[in-house]
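As the structure is a prediction and not an experimental result, all values here were calculated from the model. Only this structure's heavy atoms are used, side chains among them; waters, hydrogens and symmetry mates stay out.
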Amino acid sequence: MTPLLQRLLDAGVLSVLDMHFARGLARLHPDEPESVFLGAALASRAVRHGHVCADLHRVLSQPLLDEEGQPLDVVLPGLSVWAMDLSASPLVSAGERPTPLVFDGGARLYLARYWRYQTALAKGLRERVERRPGDVDPGQLGDGLDRLFSERGEHQADPWQRLAAVVAAQRGLTVISGGPGTGKTSTVVRILALLQEQALARGDRPLRMQLFAPTGKAAARLGEAISERLQALPIDDAVRRSIPTQPSTIHRGLGFRPSTPTHFTHDSTNPLPVDLALVDEASMVDLALMAKLVDAVPPGARLVLLGDKNQLASVEAGAILGDVCRTDARPGYSPQFRQELQRVAGQRGLPEDPREAGTPGIGDCIVELAHSYRFSAEGGIGGLARAVNRGDGEATVRALGEPVPPDRVGTHAGAVAWVELSEQDELSEILRPAVLEGFEGLMRGREPEERLEALGRFRLLSPHRQGRYGVLAINRLVEELLSRAGLISTRDVWYDGRPVIVTENDHQLELYNGDVGFTHRDAHGQTRVVFGTAGGGLRWLAPARLPPHETVFAMTVHKSQGSEFERVALCLPAAVSPVLTRELVYTAITRARKQIVVYGTPQVLEEAVRRRIDRASGLREALWGG
């Protein structure tokens with residue numbers, strides 16, 4: 001392999017896997033220019049870092065950094081020469097023939113598989129944008145909207161929720177984005193009821209509906225929320241019975257096959273038996289899985305994507321919801337769509353859209369819910385989250401207020417708090433008050449239901465897994481603090497009260513990556529690990545039966561997606577790192593229902609809030625044009 005590639009490997013820019021891929025192509029065509037093999041290695045690296053492709057323009061405009069974050073002094077080919085070499089190579093195509101690499105002719109270089117995923121997903125979504133189900137009675141729809149989206153108690157009706165229902169009735173694709181407390185689940189339940197009312201009024205069978213979430217934990221939460229909200233709806237019992245309340249993970253719903261883990265039972269040749277598919281927490285779904293899901297949903301079925309476009313993107317490649325919703329700047333609805341709204345639903349309770357009119361397309365299928373029923377927009381968690389989403393680092397620090405001494409965190413009455421944490425501070429002393437108070441209920445509780453509830457009230461979050469401020473180190477630190485306080489005995493790995501998180505799916509046990517439980521030792525000395533169930537019950541498993549797992553007093557912000565806690569403590573590192581972004585800070589903040597405490601320095605927080613996730617992809621352009 002060339003000296004340049006070897007140097008990039010030695011510096012940690014490329015992995016061994018990236019080099020193996022480049023070497024494999026070199027064996028096929030050893031006479032190709034170095035730039036082709038360099039591009040191949042960088043395309044492999046890009047996917048490892050969450051990108052769909054290697055953006056060569058970005059590679060050339062930003063220095064490559066070694067493992068210590070220092071820029072490398074290397075000479076890369078110019079973009080025009082690089083593009084010519086790729087376009088002329090037999091290893092590369094524009095996607096019209098099978099080759100290991102696909103080049104779009106500009107600056108995006110794809111591993112062929114990810115180009116196929118992107119192309120298939122864009123095509124599937126565009127086709128659904130164009131589809132009009134045509135099975136809606138406008139008069140009945142208007143009556144249903146008035147009944148289900150009217151003002152209730154102290155809550156005013158949200159016209160954007162009503163608009164989401166109209167879009168779902170009229171379009172093959174509906175995308176609903178909103179932060180915590182904006183009523184996404186309430187809106188969806190009413191949409192399902194409206195559509196079932198339409199089907200039953202026509203004398204048809206109930207619509208076949210299937211609900212999906214990316215993780216077992218998220219699926220359980222969605223099922224609980226739908227069951228709860230369904231009981232309060234003013235609908236007939238026949239409609240209520242026809243609405244599903246048992247979501248599944250996407251993998252399980254598509255028919256996961258251990259022997260072929262990248263292929264599912266359901267695809268376009270064997271589609272899901274559904275008239276409507278709903279995907280919750282869509283921001284967590286990566287490109288490959290979303291492409292396979294959309295492929296498996298019949299062309300005539302409605303597809304509803306639900307999530308928060310401001311949250312972190314998926315761990316794997318892609319930032320699907322951000323690309324679909326255009327987090328940069330989305331134009332308003334097209335004049336044609338506005339006319340359609342008037343014709344179908346009149347102006348009864350529909351919102352005014354102040355944005356400049358856009359062109360017909362995917363933008364007419366997207367509704368963003370902005371009004372939070374949980375947080376005030378002016379202060380507290382809501383005000384802090386808004387400052388973060390604006391990218392205003394100084395306003396974010398101001399929203400946190402004056403620093404609070406560590407031993408005052410437990411008595412601090414505010415919804416947001418700030419604790420100064422620098423590299424010189426002893427982390428155990430800074431975190432000790434919060435740890436002892438936050439986990440005392442779990443450790444001292446005796447009834448398993450009580451302890452499971454206590455486990456869900458408080459969580460430490462970190463951007464990182466490794467390092468002094470990473471979750472592995474913090475989990476060890478918490479165990480030391482609890483041991484010193486006499487609350488646990490770490491002589492036994494399965495000490496009473498140990499919280500654990502599952503790290504790999506086990507479809508036979510129906511335990512999934514992200515599921516959280518705890519060790520419970522009963523009066524007879526028997527040790528079991530307890531997990532909650534979707535129906536509010538408990539599952540008991542012997543420790544030896546668990547799939548791969550780890551201790552979870554602290555978890556990464558990525559792992560916390562789909563979870564909520566009464567109180568959250570976010571530990572920021574002493575220096576900015578590539579994973580520290582606006583979306584990460586926002587996601588951490590909005591995991592808290594009542595209080596968020598940020599441990600760190602203003603400088604690191606401000607810099608994190610200024611930086612956005614920017615994953616290389618051609619999906620946004622494929623959906624929006626330009």
Can you confirm whether [X] sits close enough to [Y] that some side-chain heavy atom of one is under 4.5 Å from a side-chain heavy atom of the other?
X	Y	result
Pro573	Pro463	yes
Leu570	Tyr599	no
Val557	Ser462	no
Ile320	Leu287	yes
Val609	Asp392	no
Ile501	Asp515	no
Thr99	Trp115	no
Leu272	Phe212	yes

Taking the six-membered ring of Tyr333 as reference, does the NZ or CZ atom of Arg355 fall below 6.0 Å from its centre and within a 45° cone about the axis? yes

Check whether [X] reaches the backbone of [Y] with its side chain - one donor and one acceptor, N or O, closer than 3.5 Å.
X	Y	answer
Lys184	Gly179	yes
His51	Ala616	yes
Thr587	Leu312	yes
Asp18	Leu14	no
Asp364	Ser334	yes
Arg591	Ser563	yes
Thr503	Pro548	yes
Ser314	Met284	no
Thr581	Arg611	no
Asp323	Leu619	no

Taking atom [atom1] of [X] and atom [atom2] of [Y], what is their separation to the nearest 0.5 Å?
X	Y	atom1	atom2	answer
Leu293	His266	CG	NE2	11.5 Å
Phe565	Ser560	CZ	OG	6.5 Å
Arg302	Thr174	CZ	OG1	8.0 Å
Ile176	Leu306	CD1	CG	5.5 Å
Leu111	Phe21	CG	CZ	5.0 Å
Leu101	Cys53	CG	SG	12.0 Å

Under the side chain to side chain contact (heavy atoms under 4.5 Å, CB included) rule, what do Leu461 and Thr556 come out as? Steps first, then yes or no, please. CA-CA 5 Å; Leu461 300 183; Thr556 62; over 6 Å; no

What are the two closest non-hydrogen atoms of [X] and [Y], and how far apart are they?
X	Y	result
Pro299	Arg128	O-NH1, 4.0 Å
Ser283	Asp308	CB-O, 3.7 Å
Gly322	Arg620	O-NH2, 3.1 Å
Val13	Leu72	CG2-CD1, 3.5 Å
Asn310	Arg612	OD1-NH2, 4.4 Å
Leu91	Pro100	O-CD, 3.2 Å

Ion pair present between [X] and [Y], side-chain N to carboxylate O less than 4.0 angstrom?
X	Y	answer
Glu607	Arg610	yes
Glu621	Arg108	yes
Glu127	Lys123	yes

When you look at Val516 and Phe531, which way does the side chain to side chain contact (heavy atoms under 4.5 Å, CB included) test go after all the steps? CA-CA 7 Å; Val516 172; Phe531 292 89; 5.8 Å; no

Residues Leu321, Val175; criterion side chain to side chain contact (heavy atoms under 4.5 Å, CB included); working and verdict: CA-CA 9 Å; Leu321 200 61; Val175 182; 3.9 Å; yes

Taking everything shown except [X] itself, do over 12 heavy atoms lie less than 6.0 Å from its [atom1]?
X	atom1	value
Arg545	CZ	no
Glu96	CD	yes
Arg48	CZ	yes
His57	NE2	no
Arg131	CZ	yes

Please enumerate all residues that pass side chain to side chain donor-acceptor pair (under 3.5 Å) together with Arg615, with sequence neighbours excluded. none

Decide salt bridge (Lys or Arg N to Asp or Glu O under 4.0 Å) for Lys559 and Glu550; before the verdict, give the C-alpha distance in whole Å, the side-chain angles of both, and the deciding distance to 0.1 Å. CA-CA 12 Å; Lys559 283 281 189 184; Glu550 58 190 39; over 6 Å; no

Among all residues two or more places apart in sequence or in another chain, which pass the salt bridge (charged side-chain N to carboxylate O under 4.0 Å, His left out) test with Glu394? none

Judged by modelled atom types alone, do Asp10 and Gln6 share a side-chain donor-acceptor pair under 3.5 Å? yes

Would you say Gln311 and Glu583 are linked by a side-chain donor-acceptor pair, where the criterion is simply a distance under 3.5 Å? no

Quick one: sort the Tyr117 and Tyr114 rings into parallel, tilted or perpendicular, breaks at 30° and 60°. perpendicular

Do Arg221 and Asp280 pass the salt bridge (Lys or Arg N to Asp or Glu O under 4.0 Å) test, and can you show the C-alpha distance, the side-chain angles, and the key distance before you say yes or no? CA-CA 10 Å; Arg221 284 192 57 219; Asp280 193 21; over 6 Å; no

Could you give the side-chain donor-acceptor pairs of residues 25-39 under 3.5 Å, partners two or more places apart or in another chain?
{"unit_1": "Glu32", "atom_1": "OE1", "unit_2": "Ser89", "atom_2": "OG", "d": "2.8"}
{"unit_1": "Glu34", "atom_1": "OE2", "unit_2": "Thr2", "atom_2": "OG1", "d": "2.8"}
{"unit_1": "Ser35", "atom_1": "OG", "unit_2": "Asp85", "atom_2": "OD2", "d": "2.7"}

Determine, stepwise, if the pair His464 / Tyr469 fulfils side chain to side chain contact (heavy atoms under 4.5 Å, CB included). CA-CA 7 Å; His464 299 110; Tyr469 302 95; 5.6 Å; no

